[in-house]
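This report refers to the structure that appears directly beneath it.
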Amino acid sequence: MAAAASTSMAATAVFASRFPLSSTIKATPARCSSLPYLPPRLSPTAFSSSLKFTEPKRSSLLQVKASSSEESGAVDSSELLTDLKEKWDALDNKSTVLIYGGGAIVTVWLSSIIVGAINSVPLLPKIMELVGLGYTGWFVYRYLLFKSSRKELVEDLEQLKKKIAGTE
């Protein structure tokens with residue numbers, strides 16, 4: 001208790017010494033606050049005899065350095081633009097590409113609206129998460145857990161690639 005009293009007195013002394021009254025400012029009564037005073041800061045030399053603070057050792061095993069070189073695969077923007085222009089000129093059905101691109105943009109926009117509407121219903125997002133987790137668990141069990149089912153998945157993917165590419 002005596003330590004607490006000396007701490008509060010020291011805090012009061014520190015508080016008073018930080019705000020000296022000058023002769024040009026009239027003395028006003030001190031305002032009371034319901035907040036307790038903080039204890040004064042102790043200098044680091046007060047703890048030097050009893051406690052030793054050491055900086056933690058930092059491991060220098062992981063160092064990341066950024067560099068720019070021609071070997072890093074930097075893409076020249078002028079080459080990219082010329083390649084895109086050549087591919088665009090080589091297309092026969094430019095209107096079809098524009099329609100598919102516009103359709104893709106509209107589809108993304110509509111799907112974001114639908115997801116926002118689903119997200120605004122209180123319980124529906126959690127139910128959708130459970131459905132997603134259930135489907136993920138089923139997929140792992142069905143296609144990824146056993147070696148024979150992994151082979152079956154690879155074969156199915158190869159057939160799908162052939163169908164998309166039109167080589168089947």
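Atom OG of Ser111 and atom CD1 of Ile118 lie 10.5 Å apart (nearest 0.5 Å). Separation of atoms CD (Glu158) and NZ (Lys162) is listed at 7.0 Å; rounding is to 0.5 Å. In this structure, Lys163 NZ and Leu160 CG are separated by 7.0 Å, a value rounded to the nearest 0.5 Å. Between atom CG of residue Asp156 and atom NZ of residue Lys161 there is a gap of 12.5 Å, rounded to the nearest 0.5 Å.
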List, one per line, each side-chain donor-acceptor pair under 3.5 Å for residues 119-143, sequence neighbours excluded.
| from | atom 1 | to | atom 2 | distance (Å) |
| --- | --- | --- | --- | --- |
| Ser120 | OG | Ala117 | O | 2.7 |
| Thr136 | OG1 | Gly132 | O | 2.8 |
| Arg142 | NH2 | Glu152 | OE2 | 3.0 |

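Counting non-hydrogen atoms of neighbouring residues, nucleotides and ligands closer than 6.0 angstrom, the NZ atom of Lys94 exceeds 12 such neighbours.
Residue Ile105 belongs to no hydrophobic cluster, having no ILVMFWY side-chain heavy atom closer than 4.5 Å to its own.
The ring pair (Phe, Tyr, Trp, His ring centres under 6.0 Å) contacts involving residues 86-116 comprise nothing, where partners must be two or more places apart or lie in separate chains.
In the hydrophobic clustering of this structure, Leu157 groups with Leu144; members are Ile, Leu, Val, Met, Phe, Trp, Tyr whose side-chain heavy atoms approach within less than 4.5 Å, directly or through other members.
The shortest non-hydrogen separation linking Asp76 to Ser78 is OD2-OG, 2.8 Å.
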